[in-house]
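Note sheet for the following structure.
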Amino acid sequence: MNTFVNYIRKSVSVRLSISILAFVVVIFAVTIGFLMYRSKTSVRQAAVDETGQMLNNTAQHLIGVMDEVEVATQNTDWQVLRNLQPDSLLALSTLILQINPMLNGCSIAMEPDFFPSEGHYFSAYSFNNEGHIESENEGNDDYNYFEMDWYREPLKQGKACWVDPFQDYSPTGFYSRDVIASYCKPLVTADGRTIGVISVDLSQRMLSQILNREWRYPDSYFVLVGSKNTVIAAGKEGATMDDLERTDCLVMQQPLSDSGWRLALVCPEEDIFKHYNNMIYTIISIILFGLLIMLAFCYFIIHKTMAPVVTLALQTEDIAEGHFDRQIAPSTRLDEVGRLQNSFHTMQQSIANYVAELEATRTKTEQKNEELTAAKALAEESDQKKAAFIRDMFHQIRTPLNIISGFAQVLRDGHSLMEGEDFGIVIGDIILNGQNIGHIIDNWKMTLELEQTGEMPKNDVVDCNELCQEVAYDIVIRQPETVEMRLESTTSNLMVTTNREYLIRILSELLHNANKFTDEGYITIGCGRKGDGSVCFYVADSGPGIPEADRERVFTQFVKLNNFNEGLGMGLYLCRQLAHRLGGTLEIDPLYVGGTRMVLTLQAKRRVVV
C-alpha cells in the first residue's frame with residue numbers, strides 16, 4: 001500500500017489524472033443523480049397514470065356486470081308481481097337464468113305463509129349447474145331463508161342492495177358450491193305492501209376471473225372489497241385487507257357506484273421500477289467503463305507530454321549528486337518543455353565552469369536563476385493550457401455520452417414491450433434522436449434561460465406574412481413525398497410589434513412538432529387578425545391529433561403522449577411559456593378535426609392595413 005502511495009506522490013501524471021477523474025466523477029455524480037431522481041419521478045407518475053387507467057377500466061367492467069344483474073332483476077320484478085303463482089315463480093326464476101347465463105342462481109322468496117298451500121315457506125330457487133338449470137322450492141325448517149342476509153338486508157333498508165358474498169347451504173336441496181354475491185330487491189305491490197324478495201346471484205369465481213387480468217406489471221393484482229371491509233374476490237390467492245396497507249406498493253382504490261363495494265389495485269414498487277433499476281445498473285456500468293477508459297486516456301496523454309520532464313528530472317538528480325560531468329542533451333522541441341530542457345543544458349554547462357571560475361560563474365548563476373524563474377512561470381502557464389485542453393477534450397467526449405444516455409432512455413421506456421422487429425425500429429429511432437440532440441439541448445437551455453430571465457424586449461415590428469414564409473422555408477419536411485407544406489394568410493400587410501426571435505422560436509417549434517407527427521397529408525402555417533384586433537398565428541397538420549383529455553396536459557413540462565417519440569417533452573411547454581412572455585396565448589383549436597391546429601394569439605400594438 002505504501003509503495004503505491006509513494007508512486008502516486010512521485011508521479012505527476014498519475015496525480016493529475018486522478019485529480020481530473022475525481023472532478024469528473026463529482027460532476028457526473030451530481031448530474032446523474034439529478035437525472036435519476038427526475039427519471040424515477042417520471043416513471044412513478046407514468047405508473048400512477050397507467051395504474052389509474054387500468055383500475056378505472058376494470059371497475060367499469062365490474063360495474064357493467066353489476067348493472068346487467070340489476071337490470072335483469074328489475075326486468076323480472078314486474079313479471080313476478082303479475083304472476084303470483086308458485087309454478088309461475090319457478091318458471092320466472094328459471095327464465096332469468098336462461099336469459100342471463102352469467103348468473104349463478106335466482107331466488108324469488110315470499111313472505112311467511114304467502115301461499116297457504118305451500119306451507120310456511122316458499123322460495124322459487126333456480127340454480128345454474130354448469131349450463132343445466134335446476135329449480136325447486138328451497139324454503140323449509142332446515143333452510144330458514146327469513147334469517148338470511150340476502151332476505152333481511154333489502155327489507156331492512158327498504159330498497160335494492162348488494163349483499164357481500166356468502167356460502168349458501170341447504171341440507172335438503174341443491175345449492176351453489178361456490179361463494180356467491182347477491183343483488184336483492186324487495187317485492188312491493190302497487191299498494192306499497194312488501195310481499196317478498198327477489199335475489200340474483202353472482203359466483204365469486206366469476207368475479208375473480210374478471211379481476212385476474214394480465215398486464216405490464218405481472219405481480220400486481222386487483223382486490224374487490226365488500227361493504228363490511230372484507231375481501232370479496234381477488235386476482236391473487238391469499239389476498240387480504242392488510243395488502244391495501246402495504247407501504248412497498250402503489251395502492252389505488254375506486255368505489256363501484258352505490259353498491260358499497262370498492263375495487264383496489266395493488267402494484268408492488270418492485271414491479272414499477274424493475275426496468276428502471278435495470279437501466280440504472282446498465283448506465284452505471286457504462287459510466288464506470290467510460291471513466292476507466294478516460295483515466296487511461298488521460299494518463300497516456302499526460303504521461304507522454306511529461307516524458308521529457310521525467311527524463312530531465314533523472315538527469316538533474318545525477319547532477320545534484322555531484323556528477324557535474326554528466327551532460328544534459330539539448331532538445332529540439334520549441335515548446336515550454338523543450339525550452340526548459342535546453343535551459344537545464346545551459347545551466348549544467350555553467351555549473352561545470354563554476355568549478356573553475358567561482359566568482360565569474362556567480363553572476364552567470366544569478367542570471368540563470370532569473371531564467372529559471374521565467375521558465376517556471378512558463379511551465380505553470382503550460383500546465384494551465386494543458387488543463388484547458390483536457391477540459392475541452394472532455395467537452396468533445398460528452399457528445400457520445402449523451403447519445404448513450406438517449407439510448408438508455410428509449411430502452412427504459414419501451415424495452416419490456418418490444419419484440420425483435422420493434423427493437424430494430426427503436427435502433428432506427430436512436431439514429432434520428434442523435435440527429436435531433438441539438439434541438440433537445442436548445443430547448444433545455446431555453447427553458448433554463450426563461451427561468452432566470454425577467455421581462456423580455458418586445459420592440460420588433462414584424463411582418464407576419466413574411467415571418468410565416470421565412471419559418472416555412474426553414475423547415476425540412478420529413479416525408480416530402482407524402483406531406484405537402486402549405487402557407488396561408490387571411491390578411492395582407494399584417495404587422496405586429498413583439499420579440500421577433502422568440503416568435504420565430506415558437507413557430508419553428510410548432511412546425512417541428514407537426515413535421516414529426518405527420519406522415520401524410522399536409523402541414524399548414526398561416527396568420528390572420530381576429531375580430532377583437534388581436535393577431536393570430538396557426539400551425540395545422542393532418543397527423544394523428546391529440547386526444548381531448550390530453551389537450552391541456554401536453555403543455556406540461558416533460559409530458560409526452562407516446563414514450564417512444566423523440567424529445568424530452570419540453571417543446572410545447574416552452575412554446576406556451578414564450579407565448580406568455582410575449583403577452584399572448586397558445587391553445588389547441590378544439591373545433592379542428594383531422595389532425596391538430598395550434599393557435600398563437602398576440603395582442604397587436606401596431607397595425608398597418610393597405
Side-chain angles (χ1 to χ4, degrees), residues 439 442-443 446-447 449-450 453 455-475 485-518 522-543 545-546 548 550-557 559 561 567 569-609:
H439 175 77
D442 286 344
N443 281 355
M446 177 62 74
T447 302
E449 289 178 354
L450 285 179
T453 305
E455 186 68 22
M456 66 175 65
K458 297 188 284 290
N459 303 318
D460 301 328
V461 179
V462 178
D463 186 318
C464 301
N465 291 303
E466 289 184 0
L467 184 70
C468 290
Q469 186 176 14
E470 176 184 342
V471 174
Y473 285 161
D474 286 341
I475 192 73
M485 183 67 196
R486 299 177 181 177
L487 184 63
E488 297 180 350
S489 175
T490 60
T491 306
S492 61
N493 297 322
L494 181 61
M495 312 295 288
V496 66
T497 302
T498 184
N499 187 302
R500 176 184 177 85
E501 177 186 355
Y502 285 173
L503 181 56
I504 290 177
R505 184 59 182 265
I506 295 173
L507 296 178
S508 297
E509 181 65 29
L510 295 179
L511 278 179
H512 176 81
N513 269 9
N515 188 26
K516 180 167 60 175
F517 293 106
T518 304
Y522 60 86
I523 299 174
T524 303
I525 182 173
C527 59
R529 188 179 300 281
K530 292 186 175 181
D532 59 359
S534 60
V535 175
C536 72
F537 296 86
Y538 55 88
V539 174
D541 62 65
S542 58
I546 299 175
E548 183 177 354
D550 296 319
R551 288 179 181 174
E552 190 62 27
R553 194 169 67 89
V554 293
F555 291 105
T556 304
Q557 194 173 18
V559 168
L561 300 186
M570 296 191 300
L572 292 180
Y573 165 79
L574 177 61
C575 288
R576 175 168 280 187
Q577 295 301 313
L578 289 175
H580 290 169
R581 291 295 184 93
L582 295 178
T585 60
L586 178 62
E587 305 291 342
I588 298 175
D589 187 350
L591 302 180
Y592 189 77
V593 295
T596 302
R597 180 162 65 182
M598 297 286 183
V599 181
L600 170 65
T601 303
L602 301 176
Q603 297 298 324
K605 293 184 178 180
R606 184 183 304 170
R607 178 172 67 179
V608 178
V609 178

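What you see is a predicted model; the values in this text were computed from it and never measured. We use all heavy atoms of the structure for the numbers below, so side chains are in, but hydrogens, waters and symmetry mates are not.
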State the [atom1]-[atom2] distance between [X] and [Y], to the nearest 0.5 angstrom.
X    : Y    : atom1 : atom2 : result
H580 : L586 : NE2   : CG    : 7.5 Å
C527 : L487 : SG    : CG    : 8.0 Å
Q557 : L574 : CD    : CG    : 9.0 Å
L507 : E470 : CG    : CD    : 10.0 Å
C536 : M598 : SG    : CE    : 15.0 Å
F537 : S489 : CZ    : OG    : 9.5 Å

Where is the tightest heavy-atom contact between [X] and [Y], given as atom of each residue plus distance?
X    : Y    : result
T491 : R529 : OG1-N, 3.7 Å
N465 : S492 : ND2-CA, 3.9 Å
E509 : G571 : OE2-CA, 3.4 Å
C575 : L510 : SG-CD2, 4.1 Å
T524 : Y522 : OG1-CD1, 3.4 Å
A472 : I475 : O-CG2, 3.0 Å

With a 4.5 Å cut-off on side-chain heavy atoms, are [Y] and [X] touching?
X    : Y    : result
T498 : V535 : no
E488 : Y538 : yes
T601 : E587 : no
Y592 : V599 : no
M495 : D463 : yes
L503 : L600 : yes
N515 : H512 : no
L582 : Y502 : yes

S508 side chain to I504 backbone, donor-acceptor under 3.5 Å: yes
Sidechain N-carboxylate O distance under 4.0 Å for R500, D460: no
Worked verdict on V554 versus I588 for side-chain contact (heavy atoms from CB on, under 4.5 Å): CA-CA 10 Å; V554 293; I588 298 175; 4.0 Å; yes
Verdict with supporting geometry, I525 and M485, side-chain contact (heavy atoms from CB on, under 4.5 Å): CA-CA 8 Å; I525 182 173; M485 183 67 196; 3.7 Å; yes
